[in-house]
Amino acid sequence: MPHFLDIAATPPADLRAMLDQAAAMKAARAGRPRGAPDDAQPLAGRIVALIFEKPSTRTRVSFDVGVRQMGGQTLVLTGSEMQLGQGESVADTARVLSRYVDLIMIRTFAPATLRELAAHASVPVINGLTDASHPCQIMADLQTVEERLGPLAGRRAVWLGDGNNVCASWIEAAAAFGFAFTFAGPEALEPDPEVVAAARAAGAEIAIEHDPARAVAGADVLITDSWLSMHDDRNARDRRHNLLAPYQVNAALLAAAPDAAVLHCLPAHRGEEITDAAMDGPQSAVFDAAENRLHAQKAVMRWCLGV
Ligand code: CP
Ligand code: NVA
């Protein structure tokens, strides 16, 4: 079953083909109204369940719009309004939904929930973010970097801040696409060592740095994210902010990497992990990446369904 659960769980050649298809689909509908159908309607007759156990703006809207553009239909569900939120098992939810829909996208907490859903579903499952990873975001980010800089191979991406779920998917992408990746953040918030070890074992060049200025010199891509993720303990906010403050993406940092594209998966906390100048300046590819969620995920859904 072609589930899209993680970057590292998907064959690199398939990821490559998805990015190419995403770029082609984006170009083919340039200038059309958002609601205009694509020329091809590969999801005609298909229905996609979009399940959210955490809030979402981009994932929710981009999946819904993408399905509609490809001729399919969506059901947008929140965990709390399903029996899932009342204790029905993930496995039974998977079995039942598989009788109604053709594809399931879920945003959830523990990665084990995603895996259990996929294990018991007889239709493909897409990871719309867990506490551990966010592969759809990274597909859009990679599409955006290629638009700006051309081929990814041989480039160096630098992550600034918390070694979180989005960072983990970037590390997996470094192995799949052959670019170097530097994590720059506090020791206490380094990425999962198992993710780092797996990427290195797959041939990726992954560096761990604590000095932000040294990390970013000559970088091609600078990436940051919220200092407090949806799954993080709110009480840890002040401690995390103190640890992460030196890694803010701001004008001083950008001066050390003047050709780098700046990415943030959003939502951003302006003035915390990233300044207005960095978000809105010429190096920012932030809103292009937000748009590319739509195009990249359309290719992911086509891959899952083989259409
Ligand atoms: N970047 C991202 O996944 O945004 P949402 O939380 O709004 O879906
Ligand atoms: N790391 C963030 C990403 C949000 C899209 C979170 O998990 O909250």
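One-based numbering along the sequence shown. As the structure lists them, so they are numbered: ligands from 1, and atoms in each ligand from 1.
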Visitor: Among protein heavy atoms, which lies nearest atom 8 (O) of ligand 2, and at what distance?
Guide: M230 N, 2.7 Å

Visitor: Can you tell which of P267, S229, G128 gets a heavy atom nearest to atom 6 (C) of ligand 2?
Guide: S229

Visitor: Just to be sure I read this right, does ligand 2 sit under 4.0 Å from the backbone of N165, its side chain, both, or neither, counting only heavy atoms?
Guide: side chain

Visitor: Does A132 offer a backbone N or O that forms a donor-acceptor pair with the side chain of N165 under 3.5 Å?
Guide: no

Visitor: Between D38 and R29, is the closest basic N to carboxylate O distance under 4.0 Å?
Guide: yes

Visitor: At less than 4.0 angstrom from any non-hydrogen atom of T57, what atoms of ligand 1 do you find?
Guide: 5 (P), 7 (O), 8 (O)

Visitor: Answer yes or no: does an N/O atom from R107 fall short of 3.5 Å to an N/O atom of ligand 2?
Guide: no

Visitor: Can you confirm, on distance only, whether ligand 2 has an N/O atom lying under 3.5 Å from any N/O atom belonging to H134?
Guide: no

Visitor: Short list, please: which atoms of ligand 1 are under 4.0 Å from a heavy atom of R107?
Guide: 2 (C), 3 (O), 5 (P), 6 (O), 8 (O)

Visitor: Regarding Q73 and R46, is there a side-chain donor-to-acceptor distance under 3.5 Å anywhere?
Guide: no

Visitor: Answer yes or no: does an N/O atom from M230 fall short of 3.5 Å to an N/O atom of ligand 1?
Guide: no

Visitor: Of the protein's non-hydrogen atoms, which lies at the shortest distance from atom 4 (O) of ligand 1, and what is that distance?
Guide: R58 NE, 2.8 Å

Visitor: Work out whether the distance between some heavy atom of R293 and some atom of ligand 1 is less than 4.0 Å.
Guide: yes

Visitor: For the residue pair E190 and H210, confirm or rule out a side-chain donor-acceptor distance under 3.5 Å.
Guide: yes

Visitor: What residue and heavy atom of the protein are closest to atom 3 (C) of ligand 2, and at what distance?
Guide: D225 OD2, 3.6 Å

Visitor: Is the contact between K54 and ligand 1 made by the side chain, the backbone, both, or neither, using heavy atoms and a 4.0 Å cut-off?
Guide: neither

Visitor: Check ligand 2 against L129 and write out every atom of the ligand that is under 4.0 Å from a heavy-atom position of the residue.
Guide: 3 (C), 4 (C), 5 (C), 7 (O)

Visitor: Does one side chain, of T144 or D288, offer a donor that lies under 3.5 Å from an acceptor on the other?
Guide: no

Visitor: Is a donor from one side chain sitting under 3.5 angstrom from an acceptor on the other, for S62 and Q297?
Guide: yes

Visitor: Please report whether ligand 1 has a polar contact with L266, defined as an N or O pair separated by less than 3.5 Å (distance criterion only).
Guide: yes

Visitor: Taking 4.0 angstrom as the limit and counting only heavy atoms of L266, give me the atoms of ligand 2 inside it, by number and element.
Guide: 5 (C)

Visitor: Please check whether V166 reaches ligand 2 - meaning an N/O of the residue sits under 3.5 Å from an N/O of the ligand, judged on distance alone.
Guide: no

Visitor: Just by distance, with hydrogens left out, do T275 and R270 show a side-chain donor and acceptor under 3.5 Å apart?
Guide: no

Visitor: Regarding T74 and R68, is there a side-chain donor-to-acceptor distance under 3.5 Å anywhere?
Guide: no

Visitor: Any side-chain donor-acceptor pair under 3.5 Å between T224 and E273?
Guide: no

